[in-house]
Amino acid sequence: MNESIPVIRTVDSGSAKLLPDVDRERAWLLTVDGAPQSYVDLDEPTHLEFEYVRRLAHVVDSAADEGRPLTVLHLGGGAFTLPRYIAATRPGSPQTVVESDAALLELVAETLPLPPGAGITVHSADARRWIATAPAHSADLLIADVFGGSRVPAALTSVEYAEAAERVLRPGGVYAANLADGAPFAFLRSQLATFATVFEELALIAEPAVLRGRRFGNAVLLGSHTPMDTDALARRTASDVFPARVEHGKPLRRLIGDAVPVRDRGAVPSPRPPDGAFSIG
C-alpha cells in the first residue's frame, strides 16, 4: 500500500496535486485545478491508468515493429506517462517533451524523477512556438496532449498549426492528438476538417458511447500521409480493458459532414467539459 503523503503546490497553470494511489506502492495521480493530468507508476511504467493514454500507447505500439526505437516529440508533458512507457517498451528511443508550465516540470522532476538513461529530453516552452522552429522531418511520431486546464488551447487547433506539425514529421510519420468533445461534435468535426487539409489519411479512436453522443469524452485524432494499419489498431483498441472503436474512411467523412477547417484568426479552445466530466475531488 502507498503510504506517501500528497503533495500540493501552486504551479504556473493552477494548483497541482500529486496524490498517492493507495493500491499501488509507488503510483501517483497528478491533477491541476482538480482536472486529472497524469497517472504514473514509477515501478511499472507500462501500467497505463487513463483510457486515452492507453489508446495513444496503442498508436505507439502499432507504429513500428515491437521494440524498434522511435523518435518522438511530445507536446504537453504532465508527469511524462507516455514518454516513460515508450522508454520502457522501445529502449533507445530519442524523445523530446515540450511543456509550458515550468513550475510543474520542477515538481515532477523533484517527486517523480525520470529513470536514468531514459533518453527523454524536457524543455519548458510554448508548444506552438516550439514546432515552428523544430527541425523538419525530425520525428516519427508527434503526440499532442496539451490542455489548458481541461481545454485544448486555440493555438493548437488551426490549419496553420497543423501545417507546422506536419513539417516536423518524417515521411510515413504519424500525428496523434488527444482531444475532447461531446455531441453534436462541433469542435471534433472542425478538427477533422482542419487536419484533412494537411494529411491524406485520418483516423479517430474513441469509446463507442462518446462516438454515439451519449457522453462527453476523449477522442484521439490521427493523421498521416501514408495509410495507417487501422485494422491492427482496431484489434488492439477493441480488445483493451477499456474498448474503443477506430473510425476512418467513409464513416469519418460522414462525421466531418459540412464542417470547415479552422484558421488561426477563427480558432477557439475545445469546449468546456460538463461539470464532473473530468474533475475529481
Side-chain angles (χ1 to χ4, degrees), residues 51-64 70 72-76 82 127 131 137 139-146 152 154-208 210-213 217-238 244-264 266-268 270-271:
E51 299 173 23
Y52 82 86
V53 178
R54 296 173 70 91
R55 287 159 196 161
L56 287 169
H58 292 320
V59 175
V60 173
D61 293 342
S62 303
L70 293 169
V72 187
L73 172 59
H74 302 264
L75 303 181
L82 200 60
I131 62 169
H137 311 305
D140 298 307
L141 283 173
L142 196 168
I143 300 173
D145 185 12
V146 182
V152 179
L156 303 188
T157 66
S158 67
V159 170
E160 291 88 344
Y161 161 72
E163 291 171 343
E166 184 273 341
R167 184 188 63 84
V168 175
L169 288 171
R170 292 171 176 164
V174 175
Y175 173 84
N178 176 34
L179 306 175
D181 200 4
F185 301 118
F187 174 75
L188 186 58
R189 292 171 62 240
S190 75
Q191 287 304 283
L192 289 166
T194 296
F195 281 84
T197 67
V198 175
F199 295 109
E200 294 86 352
E201 301 290 333
L202 290 180
L204 189 71
I205 310 172
E207 181 187 341
V210 172
L211 291 171
R212 293 183 187 125
N218 295 94
V220 173
L221 181 152
L222 305 177
S224 180
H225 286 304
T226 58
M228 295 172 276
D229 192 345
T230 52
D231 289 341
L233 190 56
R235 288 193 294 271
R236 289 179 183 272
T237 58
R245 282 201 344 236
V246 178
E247 298 284 7
H248 61 98
K250 289 183 179 179
L252 208 56
R253 289 192 289 273
R254 285 197 297 269
L255 178 60
I256 295 173
D258 59 359
V260 298
V262 176
R263 309 292 304 196
D264 272 343
V268 296
S270 63

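Applying the ring-ring contact (aromatic ring centres under 6.0 Å, His included) test to Phe199 and every residue at least two apart in sequence or in another chain returns His225. Under the rule for a side-chain contact (heavy atoms from CB on, under 4.5 Å), Ala238 has no partner lying at least two apart in sequence or in another chain.
Using a 4.5 Å heavy-atom threshold, the side chains of Asp229 and Ser62 count as separate. Within the 4.5 Å cutoff, the side chain of Val268 has no heavy atoms near those of the Thr157 side chain. Looking at heavy atoms from C-beta onward, Val59 lies out of side-chain contact with Ile143 at the 4.5 angstrom threshold. Side-chain contact check for Glu247 versus Leu211: some heavy-atom pair is nearer than 4.5 Å.
Contact detail for Pro208 and Ala244: the closest heavy-atom pair is CD-CA, 4.1 Å. Across every non-hydrogen atom of Glu51 and Glu207, the tightest pair is OE1-OE1, 3.7 Å. Shown here for Thr230 and Ala203, the closest heavy-atom pair between the two residues is CG2-CB, 4.3 Å. Nearest heavy atom pair, residue Ile131 against residue Ala164, reads CD1-CB, 3.7 Å. Closest non-hydrogen pair, Val246 versus Ala234, comes out as CG2-CA, 3.6 Å. The two residues Met228 and Leu202 come nearest to each other via the heavy atoms CE-C, 4.0 Å.
Partner Ile205 forms a side-chain contact (heavy atoms from CB on, under 4.5 Å) with one of Leu56, Leu222, Leu221 and no other, that one being Leu222.
Between atom CG of residue Leu142 and atom CD of residue Glu166 there is a gap of 10.5 Å, rounded to the nearest 0.5 Å. Here the CG-NE2 distance, from Asp231 to His248, works out to 6.0 Å after rounding to the nearest 0.5 Å. Taken from NE2 in His74 to CG in Leu141, the straight-line distance is 8.0 Å, to the nearest 0.5 Å. Atom CZ of Phe195 sits about 8.0 Å away from atom OG of Ser158, to the nearest 0.5 Å.
With hydrogens and angles disregarded, a donor-acceptor distance shorter than 3.5 Å links the side chain of Arg189 to the backbone of Ile256.
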Donor-acceptor contacts under 3.5 Å from residues 168-183 side chains, at least two apart:
{"unit_1": "Arg170", "atom_1": "NH1", "unit_2": "Thr71", "atom_2": "OG1", "d": "3.4"}
{"unit_1": "Arg170", "atom_1": "NH1", "unit_2": "Asp140", "atom_2": "OD1", "d": "3.3"}
{"unit_1": "Arg170", "atom_1": "NH1", "unit_2": "Asp140", "atom_2": "OD2", "d": "3.3"}
{"unit_1": "Tyr175", "atom_1": "OH", "unit_2": "Tyr161", "atom_2": "OH", "d": "2.8"}
{"unit_1": "Asn178", "atom_1": "OD1", "unit_2": "Asn218", "atom_2": "ND2", "d": "3.0"}
{"unit_1": "Asn178", "atom_1": "ND2", "unit_2": "Asp145", "atom_2": "OD1", "d": "3.0"}
{"unit_1": "Asp181", "atom_1": "OD2", "unit_2": "Phe187", "atom_2": "N", "d": "3.2"}
{"unit_1": "Asp181", "atom_1": "OD2", "unit_2": "Leu188", "atom_2": "N", "d": "2.8"}

